[in-house]
2 protein chains.
Amino acid sequence: MSAPEDDFNRIDKLLNPEAVAVVGASNTKGKVGNIIFEGLRRSKARLYAVNPHEEVISGHKSYAQIEDLPGRVDVAVITVRAEQAVDIAEQCGRKAIDNLIIVAGGFSEAGEPGKVLEARLKAIPAGYGSRILGPNSLGVFVPENSFDTIFVEHGDRALSEGGGIAFISQSGSVGVEALGLASNTGFPLRAFIGLGNKIDLGELDFLTYFGADHKTDCIALYVENVEQGRRFLEEARQVSRRKPVIALKAGRTPTGASAVSSHTGKLAGSDRVVSGAFRQYGIQRAFDDEELCDAAKTLSYLPPATGNRVAVITGAGGFGVMCADYIETDHPRARLRMAELSDRTLARIREKAPPFASCHNPVDLTAAMTNEMFVHALRALLRDDEVDVVICITFFAPHAITDTLIDLMARAIRNSGKPVIVFTEYGPFTDTYLKEFYKKGMIGFPSLTRTVRAARFLVERGRILTALKGQS
Amino acid sequence: MSAPEDDFNRIDKLLNPEAVAVVGASNTKGKVGNIIFEGLRRSKARLYAVNPHEEVISGHKSYAQIEDLPGRVDVAVITVRAEQAVDIAEQCGRKAIDNLIIVAGGFSEAGEPGKVLEARLKAIPAGYGSRILGPNSLGVFVPENSFDTIFVEHGDRALSEGGGIAFISQSGSVGVEALGLASNTGFPLRAFIGLGNKIDLGELDFLTYFGADHKTDCIALYVENVEQGRRFLEEARQVSRRKPVIALKAGRTPTGASAVSSHTGKLAGSDRVVSGAFRQYGIQRAFDDEELCDAAKTLSYLPPATGNRVAVITGAGGFGVMCADYIETDHPRARLRMAELSDRTLARIREKAPPFASCHNPVDLTAAMTNEMFVHALRALLRDDEVDVVICITFFAPHAITDTLIDLMARAIRNSGKPVIVFTEYGPFTDTYLKEFYKKGMIGFPSLTRTVRAARFLVERGRILTALKGQS
């Protein structure tokens with residue numbers, strides 16, 4: 001077994017290669033080998049096309065085979081079909097290419113002939129030292145260096161400017177959803193990893209890598225089965241002392257588990273065992289793709305909550321009522337409660353509130369509120385020691401509320417050390433507003449449920465940190 | 001007390017007036033009296049401006065006072081401040097105007113002086129026979145005749161082409177959210193009613209009206225307190241034999257209930273009592289604004305489910321697994337289960353499925369699927385007697401899936417009599433796709449949780465219909 005630094009450096013090369021070969025690169029629009037090759041032209045890596053049937057691909061010389069490549073290659077992306085992919089992978093092994101990304105499906109998930117192919121593939125790491133991501137992998141995407149091998153449409157790349165979330169997904173489509181989110185409302189992505197069939201590199205390798213990577217501040221996983229469960233949990237406990245780890249473990253129910261078996265050829269573990277183990281080892285659990293993405297975004301961008309007392313500001317009484325209802329409804333993740341505001345805070349809010357406003361929590365400034373009133377109340381709540389999280393119900397419908405409010409809020413929140421979550425209602429301009437909030441360092445959601453749920457993740461994270469401190 | 005037909009006709013005039021006066025109409029952009037007057041110019045009603053300080057408003061003669069109006073007026077929209085609104089309302093009463101919509105806040109929700117004003121307002125219906133909507137009402141909107149008195153931005157009116165949902169909301173902002181939804185992804189709105197402080201017309205009046213209105217196929221209510229609780233429940237039971245009634249009752253928790261009191265000056269009832277009563281009288285319950293809108297859209301557009309067996313088709317295995325998990329997770333609204341497909345259905349699906357597909361439920365056609373394969377499987381599921389609801393996980397990322405799929409699906413579903421719900425993932429083009437589905441008579445959501453929740457509403461509705469049949 002190799003030393004931890006070697007493993008770190010190897011995966012580092014997979015994500016930041018100097019030279020990449022695309023086997024099956026193509027000039028035919030829409031073909032996987034074309035999409036990947038075109039996508040990689042934006043990266044800083046030296047790029048090689050391998051395809052015996054072409055002379056030139058997008059202005060690059062096309063090599064007939066791997067062994068013809070003139071220089072050292074860090075990553076080979078193998079885009080050909082399963083039957084050919086195994087031979088190509090062996091050629092890559094002989095060429096001493098460190099990392100192979102195998103895109104094709106049709107292996108163990110596809111019945112007996114696929115299983116035979118997969119067994120051959122599995123022998124390559126031991127035989128040649130090459131590490132394999134996949135097969136059946138959606139690829140990897142690292143915004144920082146524009147290294148993108150994802151072969152399906154995944155939103156506007158320009159909006160994925162990078163951030164702290166490592167998103168590791170056994171399912172390709174769940175990963176694409178996170179990337180769609182990124183382009184709609186902003187998502188601070190450090191890297192996306194499509195695990196696929198995990199015959200070699202798996203969630204444990206990437207958990208370890210991103211746990212040590214100082215540019216990663218949050219790790220989100222979608223998994224259908226966990227390999228090396230005990231080591232995974234131990235590693236997660238170590239990592240979650242430093243940064244949040246959130247996992248969606250699909251296959252929770254009998255039919256879900258049997259669908260995992262059809263999908264991946266693997267058996268899913270008992271859900272109750274998973275749930276207990278996750279809790280004990282500091283892993284936060286999500287139950288669908290939207291929740292996973294929301295939680296990752298929140299935990300990456302906002303500080304953990306030091307307590308469970310939530311204050312709400314709104315100009316729309318009805319939403320204040322519903323929000324209080326949601327906050328006080330019991331939930332297994334974390335029990336929240338509505339903060340009781342100190343007399344001093346109440347007096348401060350009243351200084352600038354409209355005469356009819358209700359200054360108790362939820363603070364209802366009514367439709368007569370202005371930007372200044374809103375931010376004044378927000379500052380008062382941020383200064384109150386009885387408040388751990390603030391939820392801002394921020395509409396842009398009242399006449400006196402303008403887009404400047406976003407800047408004013410950002411300024412008020414900066415350096416407060418407290419998490420603030422914004423709800424802005426679902427309408428034609430919502431995503432634009434949410435993206436504006438995001439660009440200014442704030443997180444917002446277009447649904448009250450999702451907003452309150454985000455607060456629960458922050459409170460849960462605060463508790464995990466306290467619990468881990470108590471452990472050796 | 002007036003006869004039911006009189007009440008029906010009176011509200012009918014409120015929503016389909018021949019002549020409308022706007023008191024406080026204004027030429028000043030951004031003023032409430034300007035927004036409402038401009039909005040009403042699109043309607044078919046004869047329009048009068050009332051404002052003593054103007055000669056002409058948007059090309060219409062401005063009358064100094066109500067009594068100067070030359071003809072009969074069905075609805076007066078009173079946009080002036082609370083202090084003046086009461087006098088104006090009395091003048092409207094003397095002029096025998098049937099219906100008054102009072103927009104101003106600053107009544108009972110705003111402390112003692114407001115309570116005095118509200119008491120005076122309350123005397124008007126008995127004194128003059130005029131009915132009052134409000135005060136503090138967001139107004140009404142009836143897409144069919146472009147009658148729109150809503151005074152805040154509420155999305156693209158052109159997209160609210162009309163449909164069967166009567167949306168009755170005590171809170172203005174919750175109503176605006178539903179209208180935002182309408183313009184983003186389609187929402188079949190029959191009418192929106194902003195109840196406001198409900199000093200006269202309330203949820204019971206509109207429940208009765210829309211219950212009898214043959215163009216309404218679903219009634220959605222947001223309420224913070226219910227007046228005349230017993231009569232409301234009895235009426236709801238009658239109405240829900242004919243069409244679904246969904247209610248969001250806010251103020252469920254102690255702090256939520258106390259926030260209701262600040263917001264409306266009313267006390268909210270015990271939540272457990274509400275919950276039990278709703279269930280007994282056939283009212284379906286929603287817990288936030290998004291759920292209320294989703295449920296209304298689903299119940300208006302799709303037939304109820306005759307059982308709880310759900311089939312899923314996908315090209316993305318991971319989403320199939322998560323969807324099965326969600327379906328089989330217990331939920332108080334309705335227990336769902338994954339349908340067991342008959343051998344005949346399995347054989348039919350296999351006829352055209354890709355070789356690696358998993359044809360059991362969830363049916364995973366893999367990324368190799370085509371439009372034709374998808375629709376072939378959908379038809380097989382719709383024909384299977386063991387299937388009550390179909391969920392289609394429909395991505396447009398696979399190469400062979402094109403926009404034509406939407407037409408093919410619509411054709412397959414038409415006349416099947418079974419509800420089909422679509423999930424399409426959240427990305428930059430999602431809303432456009434969801435609107436396309438909507439235009440072709442289908443309902444879709446950008447979240448798996450919301451998709452499965454929609455199925456639960458249909459199953460719950462099926463059970464309510466069965467239960468009501470059993471009652472006298």
Side-chain angles (χ1 to χ4, degrees), chain A residues 30 105-106 109-111 114 152-153 155-156 170-174 176-177 180-181 183-184 222 224 250-256 259-260 262-264 288-290 316-322 324-326 328-329 338 356 358 360 362 364 366-367 395 397 399 425-428 430 447-449, chain B residues 30 105-106 109-111 152-153 155-156 170-174 176-177 180-181 183-184 222 224 250-256 259-260 262-264 288-290 316-322 324-329 338 356 358 360 362 364 366-367 395 397 399 425-428 430 447-449:
Chain A
E109 82 284 7
V152 297
E153 170 59 52
D156 186 348
Q170 193 165 349
S171 154
S173 27
V174 175
V176 171
E177 168 130 13
L181 254 176
S183 62
N184 284 19
Y222 170 90
E224 297 179 354
R252 292 181 286 123
T253 59
T255 312
V260 162
S262 307
H263 183 214
T264 64
D288 82 354
D289 50 313
E290 184 183 80
F319 280 97
V321 173
M322 280 194 287
D325 278 344
Y326 260 103
E328 296 210 332
T329 302
M338 290 290 283
F356 309 143
S358 164
H360 286 272
D364 177 7
T366 79
F395 296 148
H399 189 49
E425 78 190 331
Y426 187 62
T430 304
S447 134
L448 213 44
T449 319
Chain B
E109 82 284 7
V152 295
E153 170 58 53
D156 185 349
Q170 192 166 347
S171 154
S173 27
V174 175
V176 171
E177 168 131 10
L181 255 176
S183 62
N184 283 21
Y222 170 90
E224 296 178 355
R252 291 181 285 124
T253 59
T255 312
V260 162
S262 307
H263 183 211
T264 65
D288 82 354
D289 50 311
E290 184 184 81
F319 280 97
V321 173
M322 281 195 286
D325 278 345
Y326 260 103
I327 286 166
E328 297 210 330
T329 301
M338 290 290 283
F356 309 143
S358 163
H360 287 272
D364 177 7
T366 77
F395 296 147
H399 189 50
E425 77 190 330
Y426 187 63
T430 304
S447 133
L448 213 45
T449 319

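By convention in this document, chain letters (A, B, ...) are assigned in the order of the sequence lines, proteins followed by strands, and residues within each chain are numbered from 1.
- Contact between B:Gly318 and A:Glu224 at its shortest, heavy atoms only, is CA-OE2, 3.2 Å.
- Taking B:Asp288 as the reference, A:Thr449 meet the side-chain hydrogen bond (donor to acceptor under 3.5 Å, both in side chains) condition, with sequence neighbours excluded.
- The side-chain hydrogen bond (donor to acceptor under 3.5 Å, both in side chains) check on A:Asp289 picks up nothing, with sequence neighbours excluded.
- Within the 4.5 angstrom heavy-atom criterion, atoms from both the backbone and the side chain of A:Glu328 approach chain B.
- In plain terms, the two heavy atoms of B:Val321 and A:Ala250 that are nearest each other are CG1-CB, 3.5 Å.
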